[in-house]
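Below you'll find the structure, written out as structure tokens, and then a few comments.
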Protein chains: 2
Amino acid sequence: MKYGLSEACPFFFAALSNPTRLAVVELLREGPRNVTQISKALGQSQSMISHNLQALVRCRFVLPERRWKERVYFLNRETLEPLFKLVDCHVQTYCPKKCSPRKPSRG
Amino acid sequence: MKYGLSEACPFFFAALSNPTRLAVVELLREGPRNVTQISKALGQSQSMISHNLQALVRCRFVLPERRWKERVYFLNRETLEPLFKLVDCHVQTYCPKKCSPRKPSRG
DNA sequence: TATTGGTATGAAAAATGTTTCATATCATAT
DNA sequence: ATATGATATGAAACATTTTTCATACCAATA
């Protein structure tokens with residue numbers, strides 16, 4: 001069974017490796033939003049959110065839908081909920097207290 | 001149910017968002033290896049592999065084990081196999097032919 | 001202790017990714 | 001056709017990550 005890790009994967013994980021995009025994901029969990037709403041909610045520029053949304057849409061982690069004259073984005077829960085659950089499980093099992101992102105005392 | 005996305009997650013996904021590290025993961029799937037073996041197999045410097053392994057170990061996606069005078073690294077299959085299976089499913093469902101990483105014809 | 005095989009580390013260089021800014025686009029309504 | 005509200009885009013500025021290079025470390029042995 002081959003997943004072609006080195007090909008598609010880095011690209012997919014990269015989409016989720018950025019705080020801004022994760023914040024967008026977190027917000028979209030509450031329901032669909034358009035770019036303007038997201039940027040206001042997160043206090044970031046419309047342009048920045050738009051750029052970052054592209055990365056999420058390209059991977060289909062977020063799906064766009066035209067609604068009247070606006071464009072709303074909604075989360076691909078089918079993929080993301082199990083994904084985050086998995087990470088959550090992993091953290092609880094393998095990263096006890098605080099799995100420090102930087103500067104662990106030693107390897 | 002809160003997973004604390006914006007906190008730990010970017011860090012975890014970042015570990016898997018790099019081709020070199022994914023290649024390491026792919027190799028370790030075949031079995032445990034030490035740094036020297038990995039670097040030779042991938043044709044990369046020992047230092048580079050070592051640096052990249054740190055990122056994987058910090059997240060506990062790869063676990064180190066002392067074996068005599070060498071140090072072998074083995075994959076945390078419990079987390080990674082389901083993770084990649086999930087991505088594989090996602091790609092098959094949402095990214096038909098070739099979910100181009102760059103330059104999709106349009107959003 | 002000196003040597004050897006194996007490994008980690010810090011810092012600079014190189015490569016990538018992110019944000020900003022100004023502007024273009026697009027759909028709808030007037 | 002023009003105006004409006006909403007959104008996308010390219011390119012430069014800025015920031016972060018990755019790789020390289022030189023060197024230090026560590027455990028075991030002679």
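Here is how names work: the chains are called A, B, and so on, in the same order as the sequence lines, proteins then strands, and each is numbered from 1.
- Residue contacts for R21(A): at a heavy-atom cut-off of 4.0 Å it reaches the sugar-phosphate backbone alone, with no base atom in range.
- Annotation: salt bridge (charged side-chain N to carboxylate O under 4.0 Å, His left out) contacts of R67(B) (sequence neighbours excluded): E65(B).
- Rounded to whole Å, atom P of dG5(D) lies 11 Å from atom NZ of K40(A).
- Atom CG in L42(B) sits about 14 Å away from atom C1' in dT19(D), given to the nearest Å.
- If you take CZ of R58(B) and P of dA8(C), they are 13 Å apart, rounded to a whole angstrom.
- Distance CD1 (I49(B)) to C1' (dG6(C)): 15 Å, rounded to an integer number of Å.
- Of the side-chain N and O atoms in Y73(B), one or more sit less than 4.0 angstrom from OP1 or OP2 of dA8(C).
- The side chain of Q54(B) sits closest to dA8(C) out of dG6(C), dA8(D), dA8(C).
- Contact record, R77(B) with R29(B): NH2-O, 2.6 Å, taken as the closest heavy-atom pair.
- Take N34(A) and apply the side chain to side chain contact (heavy atoms under 4.5 Å, CB included) test, not counting sequence neighbours, and it matches T36(A), Q37(A), E70(A), V72(A).
- In this entry the distance linking CG of N34(A) with P of dA27(C) reads 16 Å, nearest Å.
- In this view, E30(A) and L27(A), R33(A) satisfy the side chain to side chain contact (heavy atoms under 4.5 Å, CB included) rule, not counting sequence neighbours.
- Distances shorter than 4.0 Å separate none of the side-chain N or O atoms of R66(A) from OP1 or OP2 on dC26(C).
- R33(B) places its CZ atom 13 Å from the P atom of dT7(C), with the value rounded to the nearest Å.
- Side-chain N/O atoms of R71(A) include one lying less than 4.0 angstrom from OP1 or OP2 on dA8(D).
- Partners of Y73(B) according to the ring pair (Phe, Tyr, Trp, His ring centres under 6.0 Å) rule, which considers only residues two or more places apart in sequence or in another chain, do not exist here.
- The side-chain contact (heavy atoms from CB on, under 4.5 Å) with F84(A) is formed by just one residue from the set L80(A), D88(A), L86(A); it is L80(A).
- Remark: T20(A) is in phosphate contact with dT19(C), judged by side-chain N or O atoms under 4.0 Å from OP1 or OP2.
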Atom pairs under 3.5 Å, N or O on each side, protein against nucleotides 21-23 of chain D: can you list them with distances?
from: dC21(D); atom 1: N4; to: S47(B); atom 2: OG; distance (Å): 2.5

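- Applying the 4.0 Å criterion to OP1 and OP2 of dT17(D), one finds that N18(B) has every side-chain N and O outside that range.
- Taken over five-pair windows at either terminus, the axes of the helix from dT1(C)-dA30(D) to dT30(C)-dA1(D) are inclined to one another by 10° (rounded to 10 degrees).
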Going by atom type alone, with no hydrogens or angles, which donor-acceptor pairs under 3.5 Å involve a side-chain atom of residues 14-24 of chain A and a protein atom two or more places apart or on another chain?
from: S17(A); atom 1: OG; to: A14(A); atom 2: O; distance (Å): 2.8
from: N18(A); atom 1: OD1; to: T20(A); atom 2: N; distance (Å): 2.7
from: N18(A); atom 1: OD1; to: R21(A); atom 2: N; distance (Å): 2.9
from: R21(A); atom 1: NE; to: A15(A); atom 2: O; distance (Å): 2.8
from: R21(A); atom 1: NH1; to: N52(A); atom 2: OD1; distance (Å): 2.8
from: R21(A); atom 1: NH2; to: A14(A); atom 2: O; distance (Å): 3.1

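- N52(A) has no side-chain polar atom (N or O) that falls below the 4.0 Å cut-off from OP1 or OP2 of dT18(C).
- Judged as a ring pair (Phe, Tyr, Trp, His ring centres under 6.0 Å), not a single pair has a partner in residues 18-44 of chain B (not counting sequence neighbours).
- Evaluation of the side chain to side chain contact (heavy atoms under 4.5 Å, CB included) rule for S50(B) yields V35(B), Q46(B), Q54(B) as partners, not counting sequence neighbours.
- Within the nucleic acid shown, T36(A) comes within 4.0 Å of sugar-phosphate atoms alone, with no base atom in reach, counting heavy atoms only.
- Atom CD in Q44(B) sits roughly 17 Å away from atom P in dT7(C) (whole-Å rounding).
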